[in-house]
Amino acid sequence: MGIPQTPARRIADQFADRVRNAPDRHLAERVSRLVAALARLVEEERVDRADLRALIRFLTEVGHASDARRSEWVLLADALGITSLVEAQVTRRPAGATPNTIAGPFYRTGAPKRRDGESISIDGLGDRLVLGLEVADLDGEPVGGARIEVWQANAEGLYENQAPDLQPEQNLRGTYTTGPDGRALVTTVRPKGYAIPHDGPVGELLGRLGLSPERPAHLHFRISRPGFQTLTTHLFDGDDPALGADPLFAVEPALVTRFAPCGAGGYEARHRFILARAHPGREDA
Ligand code: BEZ
Ligand code: FE
């Protein structure tokens, strides 16, 4: 007699068997594995009827909170760490290279070109922040001619395209180019952290778990140069108390810097981004 099958194993096996001749083989394999993983989880966690009802109620609410302008499903994937995990998996960098992170919904293409040192703050509101950036390769050699796109929330925690009537078009967005020494000087204002949307079922879930929706203050960067993998990443304010609890799981030690006071009410920071070379014949990621 063989080892007795658990109910989870029986369901997983029967499902896999029934889709054996599915017209879409790839889909059949992925869904079979999903069914097997879910069945195992239900068994291990001893999920009961009340759990199942609560789960269905929650997922229904997530669906109802989603429309063409807002996807509570995306937010759920973000808040469970799945978005960051997928991003890390598909853009894995060699040791020593700056980690790639999610771009988020506020990125816009075509940010205006800025001269070295020019400010991206059009309304001038907030504490001045000067960033001395450096782009290098894995051997520490400067990467000149790299395009650095930067975008960030203002000193109130709002992106320009979130509040178009409150900020000038393209406020706190810009495109710089590194010099032959790999350096670029960005002048801006110190960003404030902000909360991910939390007025729906995902926010309620975070609240019941005692989790904060507040993202630590950060700037976003997209750094590109032919021959290198495009880097989409964050730079976080090392003094932000929310640093250890980013609801989107994007914080990594290599992405944290300190905005040091300098001059009258201003701040400065230096940061080095390390690019990995592109794989010949493979699309940059
Ligand atoms: C952001 O940092 O801009 C962001 C990323 C993902 C979801 C919401 C905001
Ligand atoms: Fe952001």
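Residue numbers count from 1 along this sequence. Both ligands and their constituent atoms are indexed starting at 1 by order of listing. Just so you know, these numbers use all the heavy atoms, side chains as well, and skip hydrogens, waters and symmetry mates.
Centred on the Fe ion (ligand 2), the angle running from His220 (NE2) to Tyr194 (OH) is recorded as 160°, rounding to 10°.
Remark: ligand 1 atoms within the under-4.0 Å shell around heavy atoms of Phe106 are 3 (O), 9 (C). Using a 4.0 Å cut-off to heavy atoms of His218, the atoms of ligand 1 that qualify are 2 (O). Residue contact check: His220 has heavy atoms under 4.0 Å from atoms 1 (C), 2 (O), 3 (O) of ligand 1. Using a 4.0 Å cut-off to heavy atoms of Arg215, the atoms of ligand 1 that qualify are 1 (C), 2 (O), 4 (C), 5 (C).
A salt bridge links Arg25 to Glu29: at least one charged side-chain nitrogen sits closer than 4.0 Å to a carboxylate oxygen. With respect to the salt-bridge test (charged N to carboxylate O, under 4.0 angstrom), the residues Asp78 and Arg215 do not qualify. Of the charged side-chain nitrogens involved, at least one lies within less than 4.0 Å of a carboxylate oxygen, so that Asp17 and Arg20 count as a salt-bridged pair.
Proximity of Trp151 to ligand 1, defined as any heavy-atom pair under 4.0 Å, is not found for any part of the residue. Heavy atoms of Leu75 found under 4.0 angstrom from ligand 1: none, in either backbone or side chain. Heavy atoms of Asp78 found under 4.0 angstrom from ligand 1 belong exclusively to the side chain.
Ring planes of His220 and His218: perpendicular class, angle over 60° (limits at 30 and 60°).
Across Ile223, Leu138, Asp137, a single residue satisfies side-chain contact (heavy atoms from CB on, under 4.5 Å) together with Leu275, and that is Ile223.
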> Run the ring-ring contact (aromatic ring centres under 6.0 Å, His included) check on Tyr159 and Phe106 step by step: do they pass?
Replying inline: CA-CA 7 Å; Tyr159 287 84; Phe106 303 119; 4.3 Å; yes

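For the pair Thr175/Arg147, a side-chain contact is recorded, criterion being any heavy-atom separation below 4.5 Å from C-beta on.
His218 has its closest N, O or S atom to the Fe ion (ligand 2) at the position named NE2.
Of all protein heavy atoms, the one lying nearest to atom 8 (C) of ligand 1 is Pro105 CD, 3.5 Å. Scanning the protein for heavy atoms near atom 6 (C) of ligand 1, the closest one is Leu248 CD1, 3.2 Å. In this structure, atom 5 (C) of ligand 1 lies nearest to the protein heavy atom Gly104 CA, 3.3 Å.
Remark: Arg190 is positioned above the aromatic ring of Tyr267, its terminal NZ or CZ atom under 6.0 angstrom from the ring centre and at most 45 degrees off the axis.
The main-chain N or O of Thr232 is never found under 3.5 Å from a side-chain atom of Glu149 such that the two would form a donor-acceptor pair.
Using a 4.0 Å heavy-atom cutoff, Tyr194 is listed among the residues neighbouring ligand 1.
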